[in-house]
Each structure stands twice: as structure tokens, then as C-alpha cells.
> 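Before we start, here is the structure in question, set down as C-alpha cells.
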Amino acid sequence: MNQLYLKLLIELQQKGGVLLPSVLDLSGLRVITEASDRIFTHIEQLIRQYGADRVKEHLPNTYNYLERSTSVSPIALADYLNPREDILNLFANSLGMTLLGEILGREVVCNLTKSRVTKQYAPVNYHALHLPNQWHQDGALGVSFPTSDSLTSAPYISAAMTAMVICWIPLVDCFGDRPSLEFIKQPCDRLLHYDYLNDRKLENLFAPKDFWVPELKQGDMLIFLNGTLHRTYVTEAMKSDRTSIELRFMPSQQIPPWMQSDRFAQIPPQTPHIH
């Protein structure tokens, strides 16, 4: 194990997330970026024609379109790319794949249904239903939360997190005038109750130095754990939009029953299958 790899793995485990700079092939990534731009151009045409609340009616169900986050499943990219240009092929040939195997083991799948290709707008460009993601932990996916008055270990809940590791890929440079992500760089192996997922309470729980907004460039990749707190970072002053891909990976033997109808792809990529 070389020193750089060891350093990144330790940072991921100790801080909950790590930035891998310039690890993706730019020529392949630009093809995927162009495909995502075509998808969102089509979605924006549908918004103008039918309204933001009617878009889903005019897209394939496999796109799993979410109007609040203005996002689709990576499955949608297949309509605009040939198989060799798949984002999972790019990922499988990167350092991110090596880190993923170290954390999740050899039998890893990507949940394509729950992964996202997202267009985060600058505030001046929001459509009627668009909302940036607020503070959350991806490990909360599928978890039932107790009411705040029944908490026994506040600010945490006792329910286990859904096992996964997340890869977040900017399709454009994300800093300055464009939205990015904000993280709390502390490992968290428990879920915070949703009552605590606001600036005031999180600032009481964590030190100022723990809040991190990375400057990201096309070709970079973020890897973070299921308990890592994060949100969309966007300010009123921003004028440019950004597109990104979020891939959710999990051990193939730890897929919860409520995900059984989702579509998964094996890593390294093979033919996508229904698990």
C-alpha cells in the first residue's frame, strides 16, 4: 500500500470524507457532461411546456425524476451514451474504486435507482419546485425516525444506518460562482435526529473547523461515508448552475428488503441487473 493511498484511506476513516483530485479521465467525463446537459435541457423544455409539477409524466419511469432536487437516475444517461461511456466504467478505473473495495469489500454494487444526476441551479435560476438539499446523512435512506419526544439518546437515534459509501462527481468546476457541497468533516457512525439537522444545532455540536466547502474541479471526486453530514452549498450571490453525479455503493450482501425492486449494477461494471 503506497503512502498516498494510505493517507487518503486514513483521512476517509478519520474525517468521514476525502477529496480525490484529478482522478477521472477528462475526455470520458466531458462526454458524460454533454449527455447530462442534454437531459436537463429536455427537462427544462418540459418545465416551460407543462410546468414544474408535470415533468415526471413526460419522462420514462426508469429516470426516477425528482422535481425538488431536479435530478434523475444515472440510468437516464444510457439514452444518450454508448455502453463504453458509462460513468461506472470511469469510476472503476480510478483510485475511488480502490478505496471503495477497501471499505466495502470485493462484492460491491451501485444502486442506480437511488444514485443521482443532478442540476443544482443558482438561486436566480430556480424553477418553481427546486430546492437545494439541506443537512442530511445518506445512511438515513430508508430509516424510520422516532418523534423528538421519544428520543432516548439525543441527539442520535438508535436505528442502524443503511450501509453504503457515496461517490460524488462534479461535472463542472464547483467553486466561486457555482454551488458546491458543504461537509462536516467528522466521522459519524450514528444518525442524528432530524430535529438537529439545522445550522444552529450543528454549530453547537461541531467546531467551526469541521465545516468544509471543497473547491472542486472537473475530474475530481469526493468519497464519503454513510454517516457523513453534508448539504448543498449555495449562496444568493451565485449566478451559475452546476451538474453532478452521486453514486451510492453498497455491499451486495447488505441490500435491505425495501431496496429489492431497485436496479443495481455490479462493480466493476457488468450488465445492470434487477437484484
Side-chain angles (χ1 to χ4, degrees), residues 4-5 7-9 11-12 14-37 39-40 69-72 74 77 87-100 103 110 115-125 130-138 164-187 208-226 228-249:
L4 174 60
Y5 173 70
K7 177 183 176 183
L8 292 171
L9 183 60
E11 182 178 354
L12 178 59
Q14 293 183 346
K15 298 295 185 181
V18 64
L19 169 61
L20 308 180
S22 304
V23 293
L24 293 171
D25 174 69
L26 283 179
S27 60
L29 195 60
R30 286 175 182 135
V31 172
I32 292 169
T33 301
E34 290 170 3
S36 74
D37 289 344
I39 290 172
F40 291 113
S69 60
T70 316
S71 65
V72 295
L77 291 170
I87 185 63
L88 293 179
N89 283 314
L90 280 183
F91 176 83
N93 291 301
S94 73
L95 177 59
M97 180 69 226
T98 308
L99 287 175
L100 189 72
I103 302 163
C110 178
S115 296
R116 298 282 90 198
V117 183
T118 300
K119 184 163 186 177
Q120 172 57 50
Y121 295 95
V124 293
N125 298 327
H130 184 84
L131 290 172
N133 285 325
Q134 302 303 308
W135 287 112
H136 65 285
Q137 297 164 283
D138 280 23
M164 66 176 71
V165 172
I166 302 89
C167 169
W168 198 90
I169 299 168
L171 296 180
V172 294
D173 294 349
C174 297
F175 56 89
D177 197 40
R178 278 199 185 100
S180 183
L181 291 184
E182 182 173 14
F183 290 88
I184 295 177
K185 291 199 75 175
Q186 285 291 336
K209 65 179 178 60
D210 294 329
F211 292 78
W212 176 55
V213 180
E215 291 191 359
L216 303 168
K217 294 184 178 180
Q218 191 179 48
D220 294 349
M221 178 193 303
L222 286 162
I223 300 285
F224 56 96
L225 305 179
N226 55 346
T228 302
L229 287 151
H230 63 287
R231 67 172 171 181
T232 301
Y233 179 78
V234 60
T235 68
E236 291 296 327
M238 292 177 176
K239 304 299 181 185
S240 300
D241 306 328
R242 68 115 160 110
T243 49
S244 60
I245 296 179
E246 181 180 28
L247 302 173
R248 287 176 166 142
F249 298 101

> Could you check whether any side-chain N or O of D173 sits under 3.5 Å from a backbone N or O of Q218, counting only pairs where one atom can act as donor and the other as acceptor?
yes

> Please check: side-chain N/O of Q14 versus main-chain N/O of L12, any donor-acceptor pairing under 3.5 Å?
no

> Between V165 and L99, is there a side-chain heavy-atom distance shorter than 4.5 Å?
no

> Taking it one step at a time, do F91 and L100 satisfy side chain to side chain contact (heavy atoms under 4.5 Å, CB included)?
CA-CA 10 Å; F91 176 83; L100 189 72; 3.7 Å; yes

> For the side chain of H230 and the backbone of I184, is there at least one donor-acceptor N/O pair under 3.5 Å apart?
no

> Would you say the side chains of H130 and N125 form a donor-acceptor pair under 3.5 Å?
no

> Could you point out which residue of L247, D220, L19, L181 forms a side chain to side chain contact (heavy atoms under 4.5 Å, CB included) with W168?
L181

> Quick one: pull up OG1 in T232 and CD in Q134 and give me the separation to the nearest 0.5 Å.
7.5 Å

> Considering all heavy atoms of both residues, which atom of S240 and which atom of P179 are nearest to each other, and what is their separation?
O-CD, 3.2 Å

> Measure the CG-CG distance between L216 and L171 for me, rounded to the nearest 0.5 Å.
11.5 Å

> Should E215 and S180 count as side-chain neighbours, where that means a heavy-atom distance under 4.5 Å?
no

> When you measure from the side chain of T243 to the backbone of V172, do you find a donor-acceptor pair of N or O atoms at a distance under 3.5 Å?
no

> How far does NZ of K15 sit from OG1 of T228, to the nearest 0.5 angstrom?
12.0 Å

> Is there a side chain to side chain contact (heavy atoms under 4.5 Å, CB included) between S115 and C110 once you walk through the steps?
CA-CA 8 Å; S115 296; C110 178; 3.6 Å; yes

> Give me the atom names and distance for the closest heavy-atom approach of V117 to F40.
O-CZ, 3.4 Å

> Between M238 and Y233, is there a side-chain heavy-atom distance shorter than 4.5 Å?
yes

> Checking R116 side chain against S71 main chain: does a donor-acceptor pair fall under 3.5 Å?
yes

> Could you pull out the closest heavy-atom pair between N226 and I166, with the gap in Å?
CA-CD1, 3.9 Å

> For the pair L24 and N93, evaluate side chain to side chain contact (heavy atoms under 4.5 Å, CB included) and give the outcome as yes or no after the intermediate values.
CA-CA 8 Å; L24 293 171; N93 291 301; over 6 Å; no

> Do I39 and V72 pass the side chain to side chain contact (heavy atoms under 4.5 Å, CB included) test, and can you show the C-alpha distance, the side-chain angles, and the key distance before you say yes or no?
CA-CA 9 Å; I39 290 172; V72 295; 4.2 Å; yes

> Check the angle between the aromatic planes of W212 and F183 and answer parallel, tilted or perpendicular using the 30° and 60° thresholds.
tilted

> Rounded to the nearest 0.5 Å, what's the gap from CD1 on I87 to CG on L77? Could you check?
8.0 Å

> Going from CG on L131 to OG1 on T70, what distance comes out if it is rounded to the nearest 0.5 angstrom?
8.5 Å

> With heavy-atom distances below 4.5 Å as the criterion, would you say the side chains of P214 and L222 are in contact?
yes

> Side chains of L8 and I223: does their closest heavy-atom pair fall under 4.5 Å?
no

> More than 12 heavy atoms of other residues, nucleotides or ligands under 6.0 Å from OH of Y121: is that the case?
yes

> Flag the pair V234 / P123 as yes when at least one side-chain heavy-atom distance between them is below 4.5 Å, and no otherwise.
yes

> Quick one: closest heavy-atom pair of C167 and M221, and the distance?
SG-CG, 3.4 Å

> Is there a donor-acceptor contact under 3.5 Å from the side chain of R178 to the main chain of D241?
yes

> Within this structure, what is the CG-CG distance for the pair N89 and D25, rounded to the nearest 0.5 Å?
11.5 Å

> Kindly give the heavy-atom pair with the smallest separation between D177 and A237, and that separation in Å.
OD1-O, 3.8 Å

> Determine the minimum heavy-atom distance between T118 and S69, stating which atoms define it.
CG2-O, 3.4 Å

